[in-house]
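Encoded as structure tokens, the structure appears first; notes follow it.
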Amino acid sequence: MPELPELTALTDFLDERLSGAQLTQLLLPSAFALKVADIPYESLIGRTIDSVGRRGKFLAFKIAPSVEASQGGDSAEPLYLIVNFAKAGWLRFSDKPPSAEATGAGGYFAAQLGFSNDGHGYGVTLTDAGAWKGLAIFIVRQPMEVHGIAELGPDPLDLGFGLDEFSRLFRNRQQIKGILKNQKLMAGIGNAYSDEILHAAKLSPVATASSLEPDAVERLFTTMKEILSGAVQEFSGKKPSELKPAKKASMRVHGRTGEACPVCGDTVREVTFVGTSMQYCPTCQTNGEILAKRGSGDEG
């Protein structure tokens with residue numbers, strides 16, 4: 001699932017190219033991906049992209065009012081095309097607008113968008129490689145109309161998100177990996193980066209929040225900031241097609257089951273749940289303990 005670092009790099013890449021561009025094409029081959037649309041999606045065609053941004057794990061195209069609405073004062077407000085990539089969604093970016101030939105090739109896609117900016121054409125194809133297609137599209141007047149965005153916690157890299165606020169999240173008996181992944185508590189961290197953060201902080205993923213001493217909470221906070229900001233910096237400037245491979249290559253324990261821990265040389269272990277898994281190093285994180293398989297309710 002796309003997470004904060006690669007989505008930050010993706011939005012920066014798209015914003016640089018599509019800010020000020022006109023949306024010339026919007027093709028939705030199936031209504032399944034379109035979850036909310038008070039406004040007919042066809043009405044977006046011809047409008048200008050104000051900016052491309054990120055809200056947690058959501059990609060947000062801010063779209064300027066139509067010229068007619070701006071001149072006549074009728075519904076002269078921006079709209080937002082919001083994308084939730086879910087578990088297996090992503091996008092393909094092209095330096096030319098979509099063609100009929102491209103539309104019929106490349107397998108399933110949830111939507112295809114064409115843009116024109118200063119005479120240069122671009123294409124964006126929203127894809128979903130999952131057996132269950134979870135990618136979702138919302139067309140709304142305000143991002144907060146999307147339920148998942150309205151419930152988001154603070155961005156962990158927000159300068160205003162400090163240790164005091166972070167520490168208040170660790171006063172219950174929830175597992176710390178679950179806290180890092182809970183989008184209502186902090187927005188943007190998923191399975192992969194929670195594994196990486198906990199490994200770097202030398203903390204067990206199944207430790208309960210209330211069991212952590214203040215110095216451990218502070219170490220986790222500092223490590224989280226360092227891991228995420230370092231990944232954002234590393235991915236900056238990469239093309240969308242390069243971001244997933246770059247993320248995979250940067251992982252130290254996540255997705256490395258059976259490999260040697262790059263810190264201590266111990267074997268990276270895995271705990272599986274229903275539909276997901278986590279990786280950790282026994283020496284670095286659990287004092288050598290091999291964690292048993294746990295039920296889906298223990299993941300958090």
Side-chain angles (χ1 to χ4, degrees), residues 2 7 9-55 58-72 74-86 88-130 133-143 145-146 238-244:
L7 284 174
L10 177 67
T11 55
D12 289 347
F13 178 93
L14 294 175
D15 187 63
E16 181 180 344
R17 290 155 180 81
L18 301 182
S19 181
Q22 184 183 50
L23 180 63
T24 58
Q25 177 181 335
L26 177 52
L27 176 63
L28 292 167
S30 168
F32 177 75
L34 187 61
K35 304 303 181 184
V36 175
D38 303 359
I39 310 98
Y41 72 86
E42 298 91 344
S43 68
L44 302 183
I45 297 173
R47 295 196 185 197
T48 299
I49 305 299
D50 268 351
S51 61
V52 184
R54 176 185 64 81
R55 305 289 181 98
F58 293 81
L59 181 70
F61 294 86
K62 183 180 180 182
I63 302 173
S66 65
V67 174
E68 293 80 5
S70 298
Q71 293 174 344
D74 180 25
S75 299
E77 58 183 357
L79 298 174
Y80 292 84
L81 190 153
I82 309 285
V83 180
N84 180 1
F85 288 110
W90 196 235
L91 63 75
R92 295 195 301 265
F93 182 85
S94 173
D95 283 324
K96 56 185 179 181
S99 63
E101 293 77 12
T103 298
Y108 171 85
F109 65 90
Q112 199 165 61
L113 298 85
F115 304 89
S116 177
N117 200 353
D118 290 331
H120 195 105
Y122 297 105
V124 168
T125 301
L126 301 177
T127 64
D128 191 336
K133 307 303 183 187
L135 185 147
I137 300 169
F138 309 84
I139 300 173
V140 293
R141 291 178 174 83
Q142 292 292 333
E145 294 175 30
V146 178
K238 292 188 181 297
K239 299 176 181 179
S241 60
E242 299 171 333
L243 288 171
K244 282 194 172 184

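Keep in mind that what you see is a predicted model, and the values were worked out from it rather than measured.
In terms of heavy-atom proximity, H120 sits nearest to D95 at NE2-O, 3.2 Å. Between T127 and R92 the shortest heavy-atom distance is CG2-NH1, 3.2 Å. Scanning all heavy atoms of the two residues, the minimum distance from A110 to I137 falls at O-CD1, 4.4 Å. Listed here is the closest heavy atom pair of I45 and T24: CG2-O, 3.7 Å. When every heavy atom of P29 is checked against every heavy atom of F109, the shortest pair comes out as CG-O, 3.3 Å. Closest approach of L23 to G114, counting heavy atoms only: CD1-O, 3.4 Å.
Annotation: the span from Y122 atom OH to L113 atom CG amounts to 15.0 Å, rounded to 0.5 Å. For the atom pair L79 CG and Q142 CD, the distance stands at 9.5 Å (nearest 0.5 Å). Atom CZ of F138 and atom CG of L34 lie 9.0 Å apart (nearest 0.5 Å). Considering CG of D12 and CG of L7, their distance stands at 11.0 Å, rounded to 0.5 Å. Here the CG atom belonging to D15 is positioned 11.0 Å from the NZ atom belonging to K62, to the nearest 0.5 angstrom. Between the OG atom in S19 and the CD1 atom in I49 there is a gap of 9.0 Å [rounded to 0.5 Å].
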Next on the checklist: side-chain contact (heavy atoms from CB on, under 4.5 Å), that's the test. Do I82 and R55 meet it? Break it down for me.
Outcome noted: CA-CA 9 Å; I82 309 285; R55 305 289 181 98; 5.8 Å; no

Item to check | Audit row: F61, L18, side-chain contact (heavy atoms from CB on, under 4.5 Å) steps and yes/no | outcome: CA-CA 9 Å; F61 294 86; L18 301 182; 4.0 Å; yes

Item to check | Test log, rule side-chain contact (heavy atoms from CB on, under 4.5 Å), inputs L135 and V83 | outcome: CA-CA 7 Å; L135 185 147; V83 180; 4.3 Å; yes

Checklist entry - Going through the distances and angles, do R17 and V52 end up as a side-chain contact (heavy atoms from CB on, under 4.5 Å)? => result CA-CA 10 Å; R17 290 155 180 81; V52 184; over 6 Å; no

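The ring-ring contact (aromatic ring centres under 6.0 Å, His included) contacts involving residues 14-48 comprise nothing, where partners must be two or more places apart or lie in separate chains.
Side-chain contact between L10 and L91 is present, with heavy atoms from C-beta onward closer than 4.5 Å. Contact annotation: the side chain of P98 approaches that of Q25 to within less than 4.5 Å [non-hydrogen atoms, C-beta and beyond]. No side-chain heavy atom of Y80 sits under 4.5 Å from any side-chain heavy atom of F58. Side-chain atoms of K35 and N84, non-hydrogen and from C-beta on, never get closer than 4.5 Å to each other.
Taking the six-membered ring where tryptophan is involved, the planes of F13 and F93 are perpendicular, since the angle between them exceeds 60° and thus also 30°.
In terms of modelled atom types and a separation under 3.5 Å, the side chain of K133 and the main chain of D128 share a donor-acceptor contact. Q112 places no side-chain N or O within donor-acceptor distance of the main-chain N or O of T125, the cut-off being under 3.5 Å. Of the possible donor and acceptor atoms, one in the side chain of W90 sits under 3.5 Å from a partner among the backbone N and O of P240.
Within 6.0 Å of NZ on K244 lie more than 12 heavy atoms contributed by other residues, nucleotides or ligands.
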